[in-house]
Novice: 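One structure follows; several queries about it will come next.
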Number of protein chains: 2
Amino acid sequence: VDESPSGDPAWKVLRSSGDVLVTPYYRVRLDHLRHPDGHDVDYYVVSHPRKAVGIVALDEAGRVLMVRQWRHPVGRLIWAVPAGSMEDGESPEAAARRELREETGHEVGPVRPLYVYHPNVGTSDQEFHLFIGESARRVCEPLPGEIESIAWRDRAQVEAMIANGELGDGLSLVALLLWLRRPEGTAAPRFFSV
Amino acid sequence: VDESPSGDPAWKVLRSSGDVLVTPYYRVRLDHLRHPDGHDVDYYVVSHPRKAVGIVALDEAGRVLMVRQWRHPVGRLIWAVPAGSMEDGESPEAAARRELREETGHEVGPVRPLYVYHPNVGTSDQEFHLFIGESARRVCEPLPGEIESIAWRDRAQVEAMIANGELGDGLSLVALLLWLRRPEGTAAPRFFSV
């Protein structure tokens, strides 16, 4: 197929009505755009000033640390990898280490970037930054309140969760699918973000 | 580890302030919750009455059909699999077939469910329903306006896009990572949603 029309593909911003909603976590603004074909479009953008991070934390046996949390938007408990939002002045890697420590009481050795992606690029500018680290070890108590339970899962258990459709959290699904692509026992992840 | 505190893990809804924003595509409401440990929490929920769908459409050579679109929230062109929102009264599968036809002018043979997940479960109830279909063939012109270009990509090309961090769209990343797990040339996908 390979059909590439000529011309500037950008949808130009004619004007913005600014924020129509401000929450502590994101804003929604309404932009008025001109499509390249000449028609005008109203577009709501969910803007996340704080990027989110998640981490695949592995122990010496190659198992991954998972957490179960109540997720109010879907009204149920969901298994996930440790994840959360970056704080002011924090690097993505530092945020991933903090979330791991707060949610599980664990630290890992060197951390490597695994991927960066937009979870819902039609609606939002949110970015998820994924990391992977090994030699996870317990160093403190988890912070109380956020996590309902914590568990180690080996590759076969994660494969089974995916096969059974049980991994409903997109960030964890991406992180664990990328982890499963690594040859077992290798230290270097196969994929990096750019 | 395997720490499972006892007690009801649900965050109870004490009351809702209702919708604080209504757009044609989603609503945002503010709920007032009681955490199981007794403290109260304000929680904004982005609610999507329309679920979204995406489809991995393969030709006889095992290549996947991809589309490039301007994505205003991130201000750039993004490669993706054909995807969009369900319309009233439409099944997820019918929506996937419609989006494929509208965005690429193609139809596929039997369609199988690939996965169902929440792209951003901390913020939103949005569900993405992924499908896979084979024997893609051109049947009409794509609808003008939404798609900047269309291209076939083989497995090696998709592997390279992932390795280079070029696949920034979460829905497509999940769909294509699941597709790459299938042994080459098999008709049945390895994974299904439940």
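Quantities reported herein were computed from a predicted structural model and do not represent experimental measurements. Keep in mind that the numbers below use all heavy atoms, side chains included, and drop hydrogens, waters and symmetry copies.
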Novice: If two hydrophobic side chains count as joined below 4.5 Å and joins carry through other members, does Leu180(A) share a cluster with Val174(B)?
Specialist: yes
Novice: If you count heavy-atom pairs under 4.5 Å with chain A, which of Leu167(B), Asp37(B), Val46(B), Ile78(B) comes out on top?
Specialist: Leu167(B)
Novice: In Å, rounded to the nearest 0.5 Å, how long is the span from CD of Gln69(A) to CH2 of Trp11(B)?
Specialist: 7.5 Å
Novice: Is it the side chain or the backbone of His35(B) that comes within 4.5 Å of chain A heavy atoms, both, or neither?
Specialist: side chain
Novice: Would you name the heavy atoms of Val121(A) and Pro73(B) that are closest together and state the gap between them?
Specialist: O-CG, 3.3 Å
Novice: Report the option among Leu171(A), Leu33(A), Val41(A) that has the most heavy-atom pairs separated by less than 4.5 Å from atoms of chain B.
Specialist: Leu33(A)
Novice: Measure Val13(B) against the heavy atoms of chain A and call it side chain, backbone, both or neither at under 4.5 Å.
Specialist: side chain
Novice: Nearest 0.5 Å please: distance from the CH2 atom of Trp70(A) over to the CG atom of Asp8(B).
Specialist: 7.0 Å
Novice: Tell me which of these, Gly122(A), Gly145(A), Ala10(A), Ser124(A), has more heavy-atom pairs under 4.5 Å with chain B than the rest.
Specialist: Ala10(A)
Novice: Determine the minimum heavy-atom distance between Phe128(A) and Pro119(B), stating which atoms define it.
Specialist: CE1-O, 3.6 Å
Novice: Roughly how far, to the nearest 0.5 Å, is OH of Tyr26(A) from CG of Asn120(B)?
Specialist: 9.0 Å
Novice: Less than 4.5 Å apart, any side-chain heavy atom of Thr123(B) and any of Gln126(A)?
Specialist: no
Novice: Do Val45(A) and Tyr25(A) share a hydrophobic cluster, counting only Ile, Leu, Val, Met, Phe, Trp and Tyr and linking them when any side-chain heavy atoms are less than 4.5 Å apart?
Specialist: no
Novice: Mark yes or no for whether His72(B), through its side chain, and Tyr43(A), through its backbone, hold a donor-acceptor pair below 3.5 Å.
Specialist: no
Novice: Rounded to the nearest 0.5 Å, what separation is found between the CG atom of Leu177(B) and the CG atom of Leu173(A)?
Specialist: 8.0 Å
Novice: What residues of residues 85-94 of chain B make heavy-atom contacts with chain A at a cutoff under 4.5 angstrom?
Specialist: none
Novice: Are Val28(B) and Leu21(A) close enough that some pair of their side-chain heavy atoms sits under 4.5 Å apart?
Specialist: yes
Novice: Go through Pro9(B), Gly105(B), Ala80(B), Gly75(B) and name the one with the most non-hydrogen pairs under 4.5 angstrom from chain A.
Specialist: Pro9(B)
Novice: Within a radius of less than 6.0 Å around CZ of Arg27(B), do more than 12 heavy atoms belonging to other residues, nucleotides or ligands occur?
Specialist: no
Novice: Which heavy atom of Asp125(A) sits nearest a heavy atom of Val74(B), and at what distance?
Specialist: CA-CG1, 4.1 Å
Novice: Roughly how far, to the nearest 0.5 Å, is the CG atom of Leu30(B) from the OG1 atom of Thr23(A)?
Specialist: 9.5 Å
Novice: Between Pro24(A) and Tyr44(B), what is the shortest heavy-atom contact and its length?
Specialist: CD-CE1, 3.6 Å
